[in-house]
Protein chains: 2
Amino acid sequence: MHSLPQLLGANICALRLQKNLLQDGLALLCGLDRSYMGRIERGEVNITVETLYQIAEALGCEPAPVLPLKNEVISSKS
Amino acid sequence: MHSLPQLLGANICALRLQKNLLQDGLALLCGLDRSYMGRIERGEVNITVETLYQIAEALGCEPAPVLPLKNEVISSKS
DNA sequence: ATGTGACTTCCAGTCCGTA
DNA sequence: GTACGGACTGGAAGTCACA
């Protein structure tokens, strides 16, 4: 069980590697900064849905497969 | 074809009505402000993935069915 | 090729109202 | 019950320099 941004970042990283892309390359496709893409993959930031769609578009898939299931996510509520 | 926030808001609204919830009630379940929930449904704001998960949780479904498909969304790129 | 700190701008999200 | 407005705070977006 990890935080939502961490799981999301791990999924993005895995999908990126499947496409043999570098963080640089993916960031370019998304229209995002290289260093910001790194932070996303490390789960350091909580992205918006628009950013999610940009990434899904660049990865050539729907946003859904990028998202972890609810029960994989550490609940932020007590 | 509408903007992403508009489609997302319409989906949330439809799912909320299926559950016979008011904006008030859904906002409470999500831990969000009532007026902000209204803005979400009207597509006036671009929410984060964490908020998306809060809403999916409150609606009793996964985040995926709340999200529109890429090809339903007006591309923000030219 | 990626991690990180420092930074600015802008919007996610709250709280107060009115109709 | 819901739409809509103004004013506000924290944090997402976005960039750069350096390790």
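The figures here come from the full heavy-atom set of this structure, side chains too, leaving out hydrogens, waters and symmetry mates.
Contacts of A:V45 with the nucleic acid, taken as non-hydrogen atoms under 4.0 Å apart, are absent. B:S35 comes within contact range of at least one nucleobase, with a heavy-atom separation under 4.0 Å. Contacts of A:N46 with the nucleic acid, taken as non-hydrogen atoms under 4.0 Å apart, involve only primed sugar atoms and P, OP1 or OP2.
Considering only side-chain atoms of A:E44, the nucleotide from C:dT4, D:dC16, C:dG13 that sits closest is C:dT4. When the nucleotides C:dT2, C:dG13, C:dG3 are ranked by their closest atom to the side chain of A:L22, C:dT2 comes out on top.
Scanning atom types as modelled, no donor and acceptor separated by under 3.5 angstrom connect the side chain of A:R34 and the base of D:dG14.
Distance B:Y36 OH to D:dG10 P: 16 Å, rounded to the nearest Å. Put simply, CE on A:M37 is 14 Å from C1' on D:dA12, counting in whole angstrom units. As rounded to whole Å, 12 Å separates atom P of D:dA3 from atom CD1 of B:I40. With rounding to whole Å, B:L26 atom CG is found 15 Å from D:dG1 atom P. For the pair A:D24 CG and C:dT2 P, the computed distance is 6 Å after rounding to whole Å. The distance from atom CG of B:L17 to atom P of D:dG1 is 14 Å, rounded to the nearest whole Å. Taking atom CD1 of residue A:I47 and atom P of nucleotide C:dA12, one finds them 14 Å apart after rounding to whole Å. Spacing between atom CG of A:L32 and atom P of D:dC16 amounts to 14 Å, rounded to whole angstrom units.
At the phosphate of C:dG3, neither OP1 nor OP2 sits under 4.0 Å from any side-chain N or O atom of A:R39. OP1 or OP2 of D:dA3 lies within a sub-4.0 Å distance of a side-chain N or O belonging to B:Q23. In this structure, B:R16 does not reach the D:dG1 phosphate: none of its side-chain N or O atoms is under 4.0 Å from OP1 or OP2.
Mapping B:G38 and A:D33 onto DNA chain D by nearest heavy atom places B:G38 closer to the 5' end of the strand.
Side-chain atoms of B:R39 never come within 3.5 Å of backbone atoms of B:E44 as a donor-acceptor pair (strictly under, hydrogens ignored). Side-chain N or O atoms of A:R16 include one that pairs as donor or acceptor with a backbone N or O of A:L21 at under 3.5 Å.
Between atom CG of residue A:L15 and atom CG of residue A:L59 there is a gap of 5.5 Å, rounded to the nearest 0.5 Å.
At a threshold of 4.5 Å between non-hydrogen side-chain atoms, the residues B:P68 and B:L4 count as touching.
Between B:S35 and B:R42, the shortest heavy-atom distance links the atoms O-NH2, 4.4 Å.
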